[in-house]
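In the text below, chain A, chain B and the rest are named by the order of the sequence lines, each starting its count at 1.
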2 protein chains.
Amino acid sequence: MKKVTIKDVAKHAGVSIGTVSKVLNDKGYVSSGIYSRVTEAISELNYQVNANARSLKASKTNKVGVIVQDISNPYMMSIAKTIEDKIRPSHYHMLVMSHNEDPHTERELLQLILEQRVDGLVLVPTSGNADMIQKVLDHKIPVILVDRKVEGITTDYIVDDNYYGSYESIAYLHSLGHRRIGVIYGTTNSSIGKERYEGAVDALKHFACSNDEALLVSGKFKAEDAYKATIELLFLPDPPTAIYCCNNTMTVGMLKAIQEQAWRFPEDISIISYGDVNQWELIQPPLTLMTQPLKRIGVEAAIILKNRLTMEEPFPPKQIVIKPELLVRASCARRPEGE
Amino acid sequence: MKKVTIKDVAKHAGVSIGTVSKVLNDKGYVSSGIYSRVTEAISELNYQVNANARSLKASKTNKVGVIVQDISNPYMMSIAKTIEDKIRPSHYHMLVMSHNEDPHTERELLQLILEQRVDGLVLVPTSGNADMIQKVLDHKIPVILVDRKVEGITTDYIVDDNYYGSYESIAYLHSLGHRRIGVIYGTTNSSIGKERYEGAVDALKHFACSNDEALLVSGKFKAEDAYKATIELLFLPDPPTAIYCCNNTMTVGMLKAIQEQAWRFPEDISIISYGDVNQWELIQPPLTLMTQPLKRIGVEAAIILKNRLTMEEPFPPKQIVIKPELLVRASCARRPEGE
DNA sequence: TAATGGCTGTGAAACGTTTTACTATGTTTT
DNA sequence: AAAACATAGTAAAACGTTTCACAGCCATTA
């Protein structure tokens, strides 16, 4: 089957190219006779408009870029899904890609985004490409940061209040009487990791909990490292009575270690995690959680994006910080005071 | 910042457009002096080539479409990730979208794919758009079906042997001595649902298990319906000694019901599921599973796609059927024979 | 009757590239 | 010194659209 262009349709219908275009876009005056002649020709020739040519002419692509750490991460993709649902009715579609937490990869992807002339970008940034992000903004492409912000960049973002979430998690454990609290943190080179770490540390200090350095261990945001970190905590001469784990991925590792060592929670140890609630459906007893409102993040991001895409007038950057909420379930036990 | 085109670069560097193009594509003869003048102009003006114009000229977009049920489904997206990793080195990128199991939506997406002139398509099809898929193929766009095939369409596909997987699951339960086996199946209007259903039913018949109709219940491929289905099974006057659940999503519902009713497995009831192994990391005791080789599906799909994209000569459709493997763990118990 | 105005359709320019055929230089080779 | 060749750069066509200015026509209106 040969490639068929608007020209072929025009010839086949015996009209000019301009007329066919009018029919395609329902613009201007076309008599009903001609109109049906053209639509007939279109379906007979099985013509499909070439979106590339169209975008070129219009300098508008109806594409938005979505760059996340990892497209197989269901939390990020649930946000992407929300966005998809919001923008598809206006005939936008998404380019989605993973930077795998590698700034160099992210840089290449941003380059691609620029070349592709997307109409907007939703980005979960690594740190270290502020210049490139600024470049995208300079090209008048709206950028919406999700989950993390970037130092020195003024644009829309939507993040949750990590410091607060961590602080309150510790506060809760303290309120139950815990004084020796283990913390499995991620890394401190990302804004999220740092904020959660600091929130926890500040709370520990404020509530005068044990300042035993051995209680602070890094799980590097990975399940395996968190597993090892947990083992360390459990085998301490004086193990913690509670553990706060800074994110869900690491919590998987932590739970594995606890299961394996046949500790029970909350009887032997109290645990609390920080993240999305959906991951833990089948875990018994149900985990007490500082809940990250993923649904809400997706919805807000989608709204902002939609507005950026459709509003004529630019509006000031929308920067949203969502406070996570403590979901008290059954994984933390009260501890006799004064111990 | 104004839009800057190849023309501006040419002017700024004092050369012709053609020369700039040569530099951009490293093609033809350019003296080193001119070359650096041009690259300098490019970075001074912050020029980015317009991929749309380029695609238009080349009639090649470096885009591939990826259409799945739901982009927030981690199993599908782990396949997508494998594909991404494989094709990005050759500077391809992906349009990804969800049809939500709705044929009408799928049709619209296929239309979009056609207009976008993608260079290839990876599709988890619904049933009911064979004509449209054929249209895509007619436009010389390679289509790779994943997880499901489509009646009447000759193209690459890669699926697992659902009938076999179901049959063998039942066979395994039978070999442990089970005779009253409950089956939670999905729906029978999709090829997967049908094949799994038939595999199970045929095995039940072949091994002369109980043919009590009440033991066959539909969970409609949803967790909630599977929950209800499980409750029905458990409250039967003569409940099954084992349950085979046809997919992971439904198994979530099944496990919930079992937990809630405080049945223990494998002591009170044996259970076996069909799906990807990664979902069940933390479930104790570890589930016995007919494992769907998602990794392998992704890898094979990526290889086929890559070949279709790069090979000059067309090759015959590659149709792969993968046999799932039984992973025996701890959720099934031996049953005294003859009961 | 002449002027106005609403329809209907057309031709050509423009969007930003790549590519092809061509010209203009040296530099060797005979 | 002429012929041959390698190198360097250019102008223009083409890719498939949309849009804009215009022209033809018919029906009103003055």
Between B:Lys135 and B:Asp131, does any side-chain N to carboxylate O distance fall below 4.0 Å? no
A:Tyr29 side-chain N/O to C:dC7 phosphate OP1/OP2 under 4.0 Å: yes
Under a 3.5 Å distance rule, please check whether B:Glu300 uses its side chain to pair with a backbone N or O of B:Ile158 as donor and acceptor. no
I'd like to check A:His93 versus A:Arg88 (side-chain heavy atoms, cut-off strictly below 4.5 Å). Are they in contact? no
Where the side chain of A:Thr310 meets the backbone of A:Lys306, is there a donor-acceptor pair that is under 3.5 Å apart? yes
Tightest non-hydrogen contact, residues B:Ile113 and B:Ile67, listed as CG1-CD1, 3.9 Å
Using a cut-off of 4.0 Å between protein heavy atoms and nucleotide atoms, how would you tag nucleotides 11-25 of chain C 5' to 3' with B, S and -? ---BBBBBB------
Close side-chain approach of B:Ile34 and B:Tyr29, heavy atoms under 4.5 Å: no
First locate atom CE of B:Met94, then atom NZ of B:Lys63, and finally report the distance between them rounded to the nearest 0.5 Å. 14.0 Å
Does any non-hydrogen side-chain atom of A:Arg296 lie less than 4.5 Å from one of A:Ile322? yes
Close approaches to DNA chain C from residues 30-39 of chain B, in residue order (heavy atom, under 4.0 Å): none
